[in-house]
Amino acid sequence: MARHRVLGANSRILVAAFGVMGVTALAAVWTAQAGTAEAGSGASPTRKPTPIVGQTSKPDPELPAPVVNMDLAHASDKGDKGVNITIDDGPDPTWTPQVLQVLKANGVKATFCMVGPQAQAHPDLVKDVVADGHRLCDHSMSHDTTMDTKSSAYQSKEILDAQRLITKASGGVKPLYYRAPGGAFTPYSRQIAASQGMRPLGWNVDSKDFEKPGVEAMVNTVKNEISSGPTVLFHDAGGDRGQTVEALRQVLPWLKQQGYDFGFPVR
C-alpha cells in the first residue's frame, strides 16, 4: 500500500481563483496517471489510504476562513450503522450510467468525486448524478497524486478550477466535499476547500477496484473491513470498471442484510 503523508506546515500565501486553462492537457495527464496505475502489478501508486482518525489542525488566519469543518470526514450522517458509498474519478460515459443503475436498483445514494475535465466533458452525466439524489465531490483538475508536494498556488488552482467546472456541468449544484487524489491532502488544501464549503473527504475501506483484483476479492474486502469505518471507496472511471459494477451489485444487498443504512459523509 502506498504511503500517506500530510505536509506539516501551512502555507502563508493567499491565492486568488485562477481561470480554467489547459483542460485538454490536464485530462490527458489524468488519463496517463490512471493508465500507469492500472498497468502496475502491485498496489496502485495512486492509493494513499486516509487515516480513520481525522487530521486536525487549526485554521490558518492568513487564509480564507473555513465555512465547514476542515478536518477529514469519515463518519456517516446515518450514525454508527451508516455506510457512505463514494465513487471516484468520473464521470465516464460507459461506467457511470451502470453504477447509477445499480445504486438506483438498491435504493442507495452515493457521493461522486469528479475530476474537473471529466465533468466538463460529460455534463449530462453530472446532471444525472444530481437528479438521482447523489452528492458531488471535487476530485481536482488533473488527478495529481503528488499535489501535497506542490505549491499552494498549484493546489488552489487544482481545487477551485475543478469546483467551477463541476458546478457549471451540474447546472449550478456545487460540490459539498473535496477529496484529494490519492489522499494527497495538505493543511492548506483542506482549508481552501473548506473555505468554499467543501468538507475534506477521506475513506475507511478501499475496495481496491482500481487494481481489478476480481469481484469476489473486492466484495470480501468490503465485508472484512466495513467494521473499520463507514466510508467505502470505489471508482467509475480510469479503465474498465465492470468488476466494480458487479461488486456493487453484490455488496449493497449484503450491507443492507447486515443492518447498515446508506448515507452521506458528515459535513
Side-chain angles (χ1 to χ4, degrees), residues 1-9 11 15 22-52 54-55 70 72-74 86-92 95 111-119 137-163 165-166 175 177-193 198-213 231-241 244:
M1 188 64 70
R3 66 178 177 85
H4 174 75
R5 180 169 58 83
V6 174
L7 298 184
S11 170
V15 181
V23 166
T24 302
L26 288 169
V29 170
W30 171 81
T31 302
Q33 289 179 336
T36 300
E38 292 201 314
S41 59
S44 166
T46 65
R47 296 273 62 85
K48 296 179 184 177
T50 61
I52 295 174
Q55 300 163 351
M70 64 180 279
L72 285 180
H74 292 90
T86 64
I87 314 290
D88 282 19
D89 294 1
D92 178 273
W95 302 110
T111 301
F112 283 76
C113 299
M114 297 184 176
V115 177
Q118 292 293 109
C137 171
D138 179 336
H139 200 36
S140 84
M141 282 294 292
S142 61
H143 201 273
D144 182 354
T145 60
T146 66
M147 275 182 62
D148 55 348
T149 68
K150 303 294 180 61
S151 70
S152 297
Y154 177 88
Q155 294 178 57
S156 181
K157 182 173 176 60
E158 283 282 306
I159 296 167
L160 299 181
D161 281 0
Q163 179 194 36
L165 288 184
I166 295 167
Y177 307 93
Y178 166 66
R179 174 175 275 166
F185 289 97
T186 67
Y188 176 88
S189 68
R190 290 189 288 112
Q191 184 164 344
I192 288 297
M198 297 185 292
R199 176 78 186 262
L201 177 58
W203 65 85
N204 306 104
V205 181
D206 184 351
S207 69
K208 298 183 176 62
D209 63 339
F210 213 90
E211 300 170 21
K212 295 190 286 190
T231 303
V232 187
L233 173 62
F234 291 97
H235 297 82
D236 63 344
D240 187 332
R241 300 272 73 90
T244 298

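Proximity of a side-chain donor or acceptor of Asn204 to a complementary backbone N or O of Thr231 within less than 3.5 Å is detected. A donor-acceptor contact shorter than 3.5 Å links the side chain of Trp95 to the backbone of Gly239.
Contact record, Arg199 with Ala73: CG-CB, 3.6 Å, taken as the closest heavy-atom pair. For the residue pair Phe210 and Arg241, the shortest heavy atom distance occurs at CA-NH2, 3.7 Å. Arg190 approaches Met70 most closely through the heavy-atom pair NH1-O, 2.9 Å. Taking each heavy atom of Pro91 and Asp236 in turn, the nearest pair found is CA-OD2, 4.2 Å. Here the closest non-hydrogen pair linking Gln118 and Gly90 is CB-O, 3.5 Å. Considering every non-hydrogen atom in both Tyr178 and Ala193, the closest pair reads CB-CB, 3.6 Å.
Rounding to the nearest 0.5 Å gives a distance of 7.5 Å between OG of Ser140 and OH of Tyr154. Interatomic distance, CG of Asp138 versus CD1 of Ile159, reported as 7.0 Å (0.5 Å rounding). Atom CG in Asp209 sits 11.0 Å away from atom CG in Asp240 (nearest 0.5 Å). The CE atom of Met198 sits 4.0 Å away from atom CD of Gln163, with the distance rounded to the nearest 0.5 Å. Note that CZ of Arg179 and OG1 of Thr111 are 8.0 Å apart. Values are rounded to the nearest 0.5 Å. The line from CG of Leu72 to CH2 of Trp203 is 9.5 Å long, rounded to the nearest 0.5 Å.
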Candidate pair Ile166 and His139, rule side-chain contact (heavy atoms from CB on, under 4.5 Å), full reasoning
CA-CA 10 Å; Ile166 295 167; His139 200 36; over 6 Å; no
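Contact annotation: the side chain of Leu201 approaches that of Cys113 to within less than 4.5 Å [non-hydrogen atoms, C-beta and beyond]. Between Asp88 and His143, the closest side-chain pair of non-hydrogen atoms is not below 4.5 Å.
Applying side-chain contact (heavy atoms from CB on, under 4.5 Å) to Met147 and the options Thr149, Asp144, Thr145 leaves one that passes, Asp144.
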